Amino acid sequence: MSAAALAVQAQPAPAAQTNLAPYTIDVIESLGRVSAPAVSPDGKTVLFGISYEDLAANSANNDLYTISVDGGEPLRITDTPKSESGAVWFDGGRRIAFLYPAADGTMQMWTMNADGTDRTQATEHAGGIDGFLLSPDETRIVVIGKMKYARSAGDLYPDLPLATGRVIDDLMYKHWDEWVTEIPHPFIGSFDGSKVTGLTDIMADEPFEAPMKPFGGSESFAWSPDSKMLVYVSRKKKGMDYALSTNSDLYLYNLETAQTHNLTEGMMGYDTKPAFSPDGNYLAWLSMEHDGYESDRNRLFLLDTHTAVKRDITADWDYTIDEFTWAPDSRSIYFVAPKDGVIPVFNIRLADRVITQLVDEMADFTSLAVAGDKLVTMSHSMLRPNEIMTIDLNPRSRRKALRGLTDVNGAIFAGIDMPTVEKRMVPTTDGKQMLTWVVYPPQFDRNAKYPALLYCQGGPQSPVSQFWSYRWNLALMAANGYVVIAPNRRGLPGFGTEWNEQISKDYPGQNMADYLAAVDDLKREPYIDGDRIGATGASYGGFSVYYLAGNHNGRFAALLAHAGIFNIEAQYLETEEMWFANWDMGGAFWEKDNPVAQRTFANSPHRFVDRWDTPIMISHGEYDFRILASQGMAAFNAAKLRGIPAEMVIYPDENHWILKPQNAVLWQRLFFRWFDRWLKPQQQQ
């Protein structure tokens, strides 16, 4: 597959006849989902996963494949009823270690030959493991196990073994989609190539998470090149202290002395993703500056392992970094970061801190691993999901050639009539220029009239880049006949720190004006039907929809919000990560002498229900402990009591997202049924 296959079209194509099939939810459900490329020790082979969904079984299954780094046909090496995950090479590339369910259903580590034969269960850890990382000499291993955290009724009163009450006396009793009854801990043991033995909790009796939930995994650990030290990430706080702080640290554990040392004492924000340089002279990691600000700029820090001197090597670079990997010579680092509406690959030289962008594609990149003179990565766009790519690292090459290594879904897309994407600069109300992606329907005709959808991003500080989403699939919206407007409004990374930070403590302010500026700009186009524009989004995007419902001045004809904040006062006390609420809202609603907080709560969407006049659909999951489903129910009740046409769908088995295949299909069907009803009335007759 060529690099151009992943790039979006700069302008919508003129209308033409086609025999291609339409792009539908059925197409999305049929796609292979490529993940987790890992390069063999000799740099010649890439190990990766492909997952397919089984709609009838309401589940998905991930199998493992290998492919030569020079290209060719992928070789499938597993074909099992459950998913393999977390796969890595060892024994010089002759063996593979991975996660797979044991007979009792717990997740354990297994090993097999590189061709998939000789599968052997390597761990038998009580309760299972969530991940692992082998030491460089492959004689040691750290696994992510669990430690009991909360008290049950039976702990207090053994004579009440069937009592179900949870006894709670501090904050962080729930998190994202679970009641916190266990927390992850690092266990170090020995590995002989087939079995793991002697696992010992190196944080025994410490009631702290390592790695941090809900997203931390094996990237939270780093072995020193001599296999004698382990660095791990932990926020050594609990209860209210944990709920109020993002101050995680890197801890160095000495296997010989069993002593632990805090490497980032006094660095107050998130410190994550440690990685030693291949020569052992440096430890690199991502560091945020401010405690309580989870969307702060990720700086790339280095610690000199000989002098213990720390330095920010990206101090002069005004963008946030997502992930990185060392060059084999330890002289530079490759990384990805949002910039100007996409997520490219960069290289930074340690000697002079010069940053070079390696590729210039209208696509996003993720996952980085060096394979000889190539960088193995994955790339996607709004029109195509992840495929594995290679980037030529030959220093004599003027242009870093991008080459497709896999084309898992190429045959499917070859027969599909896809939308097109345009990059558009929109003037904002404060005199700036805002990059806005516009997605046009297939066979777009500039002489026709189209309904439009404003896409409101969540986060609130998540990029509107060339992202691919199986649920918020902008191409699918366009394929259903809508022009999609996706602004990089204030509060999104990729346009400098000032642009990203502006939204904090200003939820109803400039970013809302940015949304409306994008809508007004597109409405000037003759192909947009100004009377048939909708708005939709999830999480902060759901908040945006609720707020715009009372503050859009007739711009929208239909709205849809998923997992949104409706009542900020209630949300402040219902959510779990209080650092998020304090930083973004500016404080508590009872702080009457805090003008920032008072402005936030005075502009809660629920305070503008008297102005609601637009049909609205509301969606929420009951396992969403980030934003409780009661927020959606309250918004629905308000709409009905106001006489506004409204519909609500509650998913009793989903969290902040919609993950189960049949629910994902239901989501899309209801999404388009709702908007088609109000924005395509002529088709409903």
Side-chain angles (χ1 to χ4, degrees), residues 34-50 62-80 83-100 108-123 129 131-143 189-196 217-219 221-227 275-280 325-330 334 367-378 387-394 403-406 408:
V34 180
S35 64
V39 175
S40 61
D42 63 6
K44 295 181 178 179
T45 307
V46 179
L47 169 69
F48 64 100
I50 305 179
N62 186 72
D63 282 302
L64 299 179
Y65 295 74
T66 59
I67 190 171
S68 168
V69 76
D70 295 320
E73 288 297 316
L75 173 66
R76 183 174 183 168
I77 61 172
T78 67
D79 186 0
T80 53
S83 292
E84 288 86 7
S85 62
V88 297
W89 301 92
F90 74 99
D91 191 19
R94 290 178 287 272
R95 301 276 291 172
I96 294 169
F98 57 96
L99 292 174
Y100 191 78
Q108 302 289 347
M109 174 183 153
W110 295 64
T111 65
M112 65 182 176
N113 290 330
D115 62 2
T117 61
D118 189 26
R119 292 170 66 106
T120 303
Q121 185 176 330
T123 63
I129 65 174
F132 65 89
L133 185 67
L134 291 171
S135 63
D137 67 7
E138 298 176 359
T139 66
R140 295 282 187 171
I141 188 172
V142 58
V143 307
S190 299
F191 181 57
D192 65 4
S194 60
K195 289 291 183 182
V196 173
S218 59
E219 80 291 338
F221 301 101
W223 287 99
S224 61
D226 62 8
S227 300
F276 282 96
S277 59
D279 62 13
T325 194
W326 280 94
D329 62 6
S330 300
Y334 300 100
S367 184
L368 301 169
V370 179
D373 61 356
K374 299 180 179 67
L375 186 68
V376 176
T377 182
M378 291 194 298
E387 296 284 359
I388 300 175
M389 317 290 287
T390 61
I391 300 173
D392 178 17
L393 298 179
N394 189 326
R403 177 170 178 255
L405 194 60
T406 65
V408 172

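The structure displayed is predicted, hence computed values, not measured ones.
For the atom pair Asp91 CG and Leu134 CG, the distance stands at 11.0 Å (nearest 0.5 Å). Annotation: the span from Thr66 atom OG1 to Asp115 atom CG amounts to 9.0 Å, rounded to 0.5 Å. In this structure, Thr390 OG1 and Asp392 CG are separated by 8.0 Å, a value rounded to the nearest 0.5 Å. With values rounded to the nearest 0.5 angstrom, Glu73 atom CD is found 11.5 Å from Tyr65 atom OH. Here the straight-line distance linking atom CG of Leu405 with atom OG1 of Thr377 works out to 11.0 Å at 0.5 Å rounding. Atom CG of Leu64 sits about 6.5 Å away from atom CD1 of Ile96, to the nearest 0.5 Å.
Relative orientation of the Phe98 and Trp110 rings is parallel, given thresholds of 30° and 60° on the angle between their planes.
Take Ser367 and apply the side chain to side chain contact (heavy atoms under 4.5 Å, CB included) test, not counting sequence neighbours, and it matches Pro37, Met378. Applying the salt bridge (Lys or Arg N to Asp or Glu O under 4.0 Å) criterion to Arg76, with sequence neighbours excluded, gives Asp63, Asp79.
With Lys44 contributing its side chain and Val39 its backbone, the two residues share no donor-acceptor pair below 3.5 Å. A distance-only check finds no donor-acceptor pair linking the side chain of Ser330 to the backbone of Ser277 [under 3.5 Å]. The closest donor-acceptor contact from the side chain of Arg403 to the backbone of Asp70 lies under 3.5 Å. With Trp89 contributing its side chain and Asp42 its backbone, the two residues share no donor-acceptor pair below 3.5 Å. Between the side chain of Asp373 and the backbone N or O of Leu393, no donor-acceptor pair lies under 3.5 Å. In this structure, the side chain of Glu219 does not engage the main chain of Phe221 through any donor-acceptor pair within 3.5 Å. At least one donor-acceptor pair under 3.5 Å links the side chain of Ser227 to the backbone N or O of Asp137. For the pair Glu387 (side chain) and Val408 (backbone), a donor-acceptor distance under 3.5 Å is present.
You'll find the side chain of Phe191 reaches within 4.5 Å of the side chain of Thr111, heavy atoms only. Between Phe48 and Pro74, some side-chain heavy-atom pair lies under the 4.5 Å cut-off. Proximity of Val142 to Trp223: side-chain heavy atoms (C-beta onward) are separated by under 4.5 Å at one or more points.
Smallest separation of non-hydrogen atoms from Trp326 and Val370: O-CG2, 3.9 Å. In terms of heavy-atom proximity, Gly93 sits nearest to Ala114 at O-CB, 3.5 Å. Smallest separation of non-hydrogen atoms from Ala371 and Gly43: CB-O, 3.6 Å. The minimum heavy-atom distance between Tyr334 and Ala327, with the atom names listed, is CE1-CB, 3.8 Å. In this structure, Gln121 and Lys195 approach most closely via the heavy-atom pair O-NZ, 2.7 Å. When every heavy atom of Met109 is checked against every heavy atom of Ile141, the shortest pair comes out as SD-CD1, 3.3 Å.
Ionic pairing of Arg95 and Glu138 is not present here: no N-O contact between side-chain nitrogen and carboxylate oxygen is shorter than 4.0 angstrom.
Side-chain contact annotation: Asp192 with Ser194, donor-acceptor N/O pair under 3.5 Å present.
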> Can you list the steps and then say if Arg119 with Glu84 is a side chain to side chain contact (heavy atoms under 4.5 Å, CB included)?
Replying inline: CA-CA 12 Å; Arg119 292 170 66 106; Glu84 288 86 7; 2.9 Å; yes
